[in-house]
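Each remark here refers to the structure printed beneath this line.
Computed from a predicted model, the values in this text were never measured in an experiment. Here is how names work: the chains are called A, B, and so on, in the same order as the sequence lines, proteins then strands, and each is numbered from 1. Below, all heavy atoms of this structure are taken into account, side chains as well, without hydrogens, waters or symmetry copies.
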Number of protein chains: 2
Amino acid sequence: MDKAINPEKDGSENLSAQIYADLRLKLIVGELRPAESLSIRTLAEKYNVSAMPVREALRQLASENALIGVAKKAYRVPDLTSDEAANLFFLRAVLEGAAAEVAVANIKEADFTLLSRFVDDMEKTWAKRDCSAFLLSNFHFHRHVYSLTGNGALQDMIEALYVRTGPWLALGIVNLENPDHWMGEHPEIIAALRAGDAAEARRLTEEDARWGMQLYRELG
Amino acid sequence: MDKAINPEKDGSENLSAQIYADLRLKLIVGELRPAESLSIRTLAEKYNVSAMPVREALRQLASENALIGVAKKAYRVPDLTSDEAANLFFLRAVLEGAAAEVAVANIKEADFTLLSRFVDDMEKTWAKRDCSAFLLSNFHFHRHVYSLTGNGALQDMIEALYVRTGPWLALGIVNLENPDHWMGEHPEIIAALRAGDAAEARRLTEEDARWGMQLYRELG
DNA sequence: GTGCTTAAACTGTGATCACAGAATCACTCA
DNA sequence: TGAGTGATTCTGTGATCACAGTTTAAGCAC
């Protein structure tokens with residue numbers, strides 16, 4: 001299975017955007033590991049395009065710190081220190097907390113069925129130890145919540161955080177010793193949203209954002 | 001005075017980054033107006049470089065919504081609707097509020113003299129109706145506060161908001177009817193920081209972030 | 001076997017060209 | 001006078017090449 005891009009069918013108008021989106025998703029679901037290096041020419045070959053669109057996609061990701069780009073050196077997936085990771089999860093707590101608070105006002109019945117389905121997916125994929133699929137379900141759940149704010153800028157910022165924490169989370173999950181220690185607060189978040197309890201939705205969401213940090217501590 | 005870039009002396013390692021930084025600052029201080037269009041080739045000529053570094057800088061700015069980039073159409077400075085502006089200022093309130101709260105713990109005496117100087121600059125430049133210089137001083141003040149958090153990701157995110165609101169603020173300021181209506185909360189913020197009152201620092205910072213919105217309402 | 005040197009392979013970066021779509025402006029015809 | 005239409009100019013996009021650092025690996029000396 002090659003990663004070849006089809007310029008005709010894909011919605012995006014230019015190749016750079018497609019490659020950018022593809023790599024971005026791979027980061028979110030942890031398909032790219034920390035410290036992994038990405039070469040423009042190698043990727044260009046995989047995507048079956050020239051180097052040009054790839055370099056723009058990589059530079060774009062580097063500009064939002066989703067990748068590290070040093071001049072004349074290969075782009076790399078950041079290998080976060082615990083401090084850096086803590087900073088990112090703090091931001092997720094702040095932004096997603098605020099988002100959950102706002103979302104309460106806009107949520108509808110159809111949203112709950114969707115959110116519940118995402119939680120089901122998370123449980124299934126967690127049981128199968130399918131790290132990428134789990135992180136994708138987790139992302140879908142949270143994205144649906146913060147998309148209810150209708151604040152596009154807020155959504156973009158939170159999403160950028162998922163891109164940056166993805167590889168780090170994936171590494172933490174695969175190295176987890178006791179996989180039964182499943183800490184999702186997601187059902188409780190749904191309950192709080194249904195109850196219209198904005199403060200509780202915020203508190204639970206903030207707590208969930210710190211789950212990633214606990215992953216780290218368990219590793220020592 | 002041309003904008004020519006000097007690859008030797010500038011700290012950045014590549015031209016793209018220098019052009020990116022230059023345009024970014026121009027956006028922050030409102031030197032680029034909403035709906036203004038930026039052409040790759042024109043900018044390349046001004047900076048005295050080829051089109052390549054410019055296109056990467058523009059794409060990068062577009063990726064963080066500091067510019068609008070539609071395929072095959074000229075890049076433009078976004079012309080924010082009032083809703084979009086409200087979203088951005090809401091985010092500034094959330095992030096800068098949280099930052100101020102954290103900053104209280106890390107602030108030192110030397111910081112107060114710096115902050116006071118920025119406030120002086122703001123008053124002077126406001127009196128002279130020098131919009132760009134005023135926005136720069138304002139930016140310096142806020143940047144110094146949120147840089148005290150030591151959270152690099154947080155700093156980047158807030159800064160990205162200043163890039164996006166800059167052109168819009170500049171337009172609001174120059175169209176302001178009663179220039180005496182000066183609404184800075186900055187001296188009070190300094191006082192709250194000095195008193196170690198994190199909650200008050202947060203409240204005042206949040207209030208200050210909404211100042212931009214009031215600008216808009218005054219215009220009708 | 002170990003350490004140093006050197007050469008080859010690989011890295012991003014910048015410039016230049018070809019191309020296709022968008023916008024603009026002048027011209028024509030009603 | 002006005003609307004339609006054509007060509008010209010301008011737009012970003014992608015490919016290809018040359019170049020200069022960086023990294024890697026092989027080879028040589030000790």
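- Sorted by first then second residue, the salt bridge (Lys or Arg N to Asp or Glu O under 4.0 Å) pairs that include residues 72-88 of chain A, not counting sequence neighbours, number zero.
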Legend entry - Summary of protein contacts for nucleotides 7-15 of chain C, nucleotide by nucleotide, where a base hit scores B, a sugar-phosphate-only hit scores S (4.0 Å, heavy atoms): ----BBBBB
Table please: side-chain donor-acceptor pairs of residues 61-70 of chain B below 3.5 Å, with sequence neighbours left out.
residue, atom, partner, partner atom, Å
B/Ser63, OG, B/Gln60, O, 2.8
B/Glu64, OE1, B/Tyr20, OH, 3.4
B/Glu64, OE1, B/Arg24, NH1, 2.7
B/Glu64, OE2, B/Tyr20, OH, 2.6
B/Asn65, ND2, A/Asp156, OD2, 3.1

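- Annotation: ring pair (Phe, Tyr, Trp, His ring centres under 6.0 Å) contacts of A/His140 (sequence neighbours excluded): A/Phe118.
- One can place CD of A/Gln60 at 14 Å from C1' of D/dG12, the figure rounded to the nearest angstrom.
- Every ring pair (Phe, Tyr, Trp, His ring centres under 6.0 Å) that A/Phe141 has, sequence neighbours left out, goes to A/His186.
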Scan the side chains in residues 85-100 of chain B for donor-acceptor partners under 3.5 Å anywhere in the protein, sequence neighbours excluded, and list what turns up.
residue, atom, partner, partner atom, Å
B/Asn87, OD1, A/Asn151, ND2, 3.4
B/Arg92, NE, B/Glu96, OE2, 3.3
B/Arg92, NH1, B/Thr165, OG1, 3.2
B/Arg92, NH2, B/Tyr162, OH, 3.3
B/Glu96, OE1, B/His142, ND1, 3.1
B/Glu96, OE1, B/Tyr162, OH, 3.3
B/Glu96, OE2, B/Tyr162, OH, 2.9

